[in-house]
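What follows is a set of notes on a single structure, which appears directly below.
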Amino acid sequence: MLATCRAPDGQGQIHAQCDAALVWKGGEILWTGPDAALPAETSSLETSGDAENRLVIPGLIDCHTHLAFGGWREDEFEQRIRGISYQEIAARGGGILRTVSATRSASDEELSARCLKWLAEMAALGVTTVEVKSGYGLTVEQELRILRIYARLKQKQPVRIVSTLLAAHALPQKFLGNRAGYIRQVAQNLIPEVARQKLAQFCDAFVEDGAFTADEARTVLQAGMDCGLRPKLHADQLSDSGGAALAAELGCISADHLDCVSEDGIRRLARSGTVAVSLPLASLYLGRPPAPARSLIDHGVPVAVATDFNPGTAPSFHLPLAMLLACTLQKMTPCEALKGATLYAARAIGEEERCGSLEPGKRADFVIIDAPSVNHWIYHFMANRPVATFIAGKRVEAADRGE
Ligand code: NIG
Ligand code: FE
C-alpha cells in the first residue's frame, strides 16, 4: 500500500493506493499511481524492486528537535517521578541551564559525533528530514557554534537538516537581573549574524513563566523577521501564556507544544494558518495532559506531530512512538498522525514544496514499512518496523547509519 499523504481533504486523508507504483529518477519522484497504469516511458527505467505488500510512506519529518546538547539529565527524570516539578528542578539549578553548561563544555567533535549517531538512528526509524534548534549555547559565540555544527552535519550524512535559532530559550545566568540586555544582544547582535552567515531559516522563542514573556518573544521574533528568519514559537506548554495568540499575531509558521492552549488561542491559530506542532512525548515525560489535538483539527488547524527530542522533557527521538501517543493520548487517528509527521510537518518547516508527500516533483524520500496498513503499523507497535529508508532515491545503508 502506498500512502501518498497528498494535501487535499485535510488531516485524515492520506490518499493511500493499493497495487501502486512509485517512479523516481535522479532523486526526484516522476510518477505515482496504479501499477497497471504505469506510463510507457517509465519502462526504460531500472526497477528497484517490489515492496511486497508492505506499506510505503513518505519519509517521516521530525519538525521539532533540540538535537545538539551536552550531557543528559536522567536524575531529573527520577526527581520528577518523585513529585518535584520541572520548574522547581530548574529553580534548583537543573533544567535548561544545566544542559547549557554541559553543552558549552563539550567540544565541537563531541557534539557532532552525538548528533551523527542520533541522526543515523532516526533514519533507521524512517525519519528523512529533521528540524534542529540551537538554544543550549545562550551566548552569541556559543549559539553560532551550535548552528555551525548543524551546517557541517548537512555535509556529513544523508538526513536533511533545517536549522532554527532558539537563543530565547532561557535567560542565561550572566543576564540575571538584566533581561532587557539579553534580548537586546539576541536581537541586535546574534540574529543579524546568523542571518548574514545563513546559519538558520527560522527563529524560535520559549514563552513561559520562567522563560520569556510574550513581549520579549515578540521583540526577538520581529528582529528575526527583519533579517529574513521566519518565526516559530514554543507556545502554551506549561501554562496558557498567550503563546498561541502571539504566534497568530506574528504569522508564525508553527506554534509548538500548545498543551495549555485556550479555545481563543485555537481560533486565532485557525485564522492565521499556523501549523500546531504537537509534542506528546514531552507531555508524557512531564506527566501532563497533551495538546488538545482533536479540538485543533476540528477547528481546521493542521496538526503536526514531532518528538521535541531534548535531554529534559523529551529524551527520545522515536517519532513513530510520538505518533502512537498522538493516537492513544490525543485521539488522532493513525492516518491523521501520519499526515502530521509527513506533509504537515513539512509545512511547519517551510519544506512542503520539496517533501512530505509522494508526488511528482518532490524528493524521493520514502520508507518501506513491514506492515500491511497504516492502522496496523501504529497499532502493533514495534520499536523498529521500517525495512528501508530512502533519501533522494538512495537507500540509507547501515554504513550511513553508523553500524
Ligand atoms: O521544548 N520548552 C522548552 N524547551 C524544551 C525543554 C528543554 C529542556 O528541558 O532542556 C522543550 O520542552
Ligand atoms: Fe521544544
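Bear in mind the structure is a predicted one, so any value in this text is a computation, not a measurement. Just follow the structure's listing: the first ligand is 1, and inside any ligand the first atom is 1.
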Can you list, pair by pair, the side-chain donor-acceptor contacts under 3.5 Å of residues 246-253, counting residues two or more places apart and other chains?
from   : atom 1 : to     : atom 2 : distance (Å)
Glu249 : OE1    : Arg218 : NH2    : 3.0
Glu249 : OE2    : Arg218 : NE     : 2.8

With sequence neighbours left out, write down each residue that passes side chain to side chain donor-acceptor pair (under 3.5 Å) with Asp256, or none if nothing qualifies.
His64, Ser254

Can you confirm whether more than 12 heavy atoms, excluding those of Asp35, are under 6.0 Å from its CG atom?
yes

Parallel, tilted or perpendicular: which one describes the rings of Tyr136 and His169, with boundaries at 30° and 60°?
perpendicular

Can you list the steps and then say if Glu110 with Arg114 is a salt bridge (charged side-chain N to carboxylate O under 4.0 Å, His left out)?
CA-CA 6 Å; Glu110 277 171 284; Arg114 283 159 63 104; over 6 Å; no

Tell me, yes or no, whether the heavy-atom count around Gln173 atom CD, taken from other residues, nucleotides or ligands under 6.0 Å, exceeds 12.
no

What are the protein N, O or S atoms, given as residue plus atom name, that sit under 2.8 Å from the Fe ion (ligand 2)?
His64 NE2, His66 NE2, His234 NE2, Asp308 OD1

Which pairs of N or O atoms, one from ligand 1 and one from the protein, are separated by less than 3.5 Å, and what is the distance for each pair?
from     : atom 1 : to     : atom 2 : distance (Å)
ligand 1 : 1 (O)  : His66  : NE2    : 3.2
ligand 1 : 1 (O)  : His234 : NE2    : 3.2
ligand 1 : 1 (O)  : His257 : NE2    : 2.9
ligand 1 : 1 (O)  : Asp308 : OD1    : 2.9
ligand 1 : 1 (O)  : Asp308 : OD2    : 3.0
ligand 1 : 2 (N)  : Gln237 : OE1    : 2.7
ligand 1 : 4 (N)  : His169 : NE2    : 2.8
ligand 1 : 9 (O)  : Arg73  : NH2    : 2.8
ligand 1 : 9 (O)  : Tyr86  : OH     : 2.5
ligand 1 : 10 (O) : Arg73  : NH1    : 2.9
ligand 1 : 10 (O) : Arg73  : NH2    : 3.3
ligand 1 : 10 (O) : Tyr136 : OH     : 2.6
ligand 1 : 12 (O) : Gln237 : NE2    : 3.2
ligand 1 : 12 (O) : Asp308 : OD2    : 2.9
ligand 1 : 12 (O) : Thr313 : OG1    : 2.6

State, with a plain yes or no, whether a side-chain heavy atom of Ile368 is found less than 4.5 Å away from one of Phe390.
yes

Candidate pair Glu76 and Arg92, rule salt bridge (charged side-chain N to carboxylate O under 4.0 Å, His left out), full reasoning
CA-CA 11 Å; Glu76 295 180 11; Arg92 291 179 186 181; over 6 Å; no

With rounding to the nearest 0.5 Å, note down the distance linking CD in Gln188 to CD in Glu193.
14.0 Å

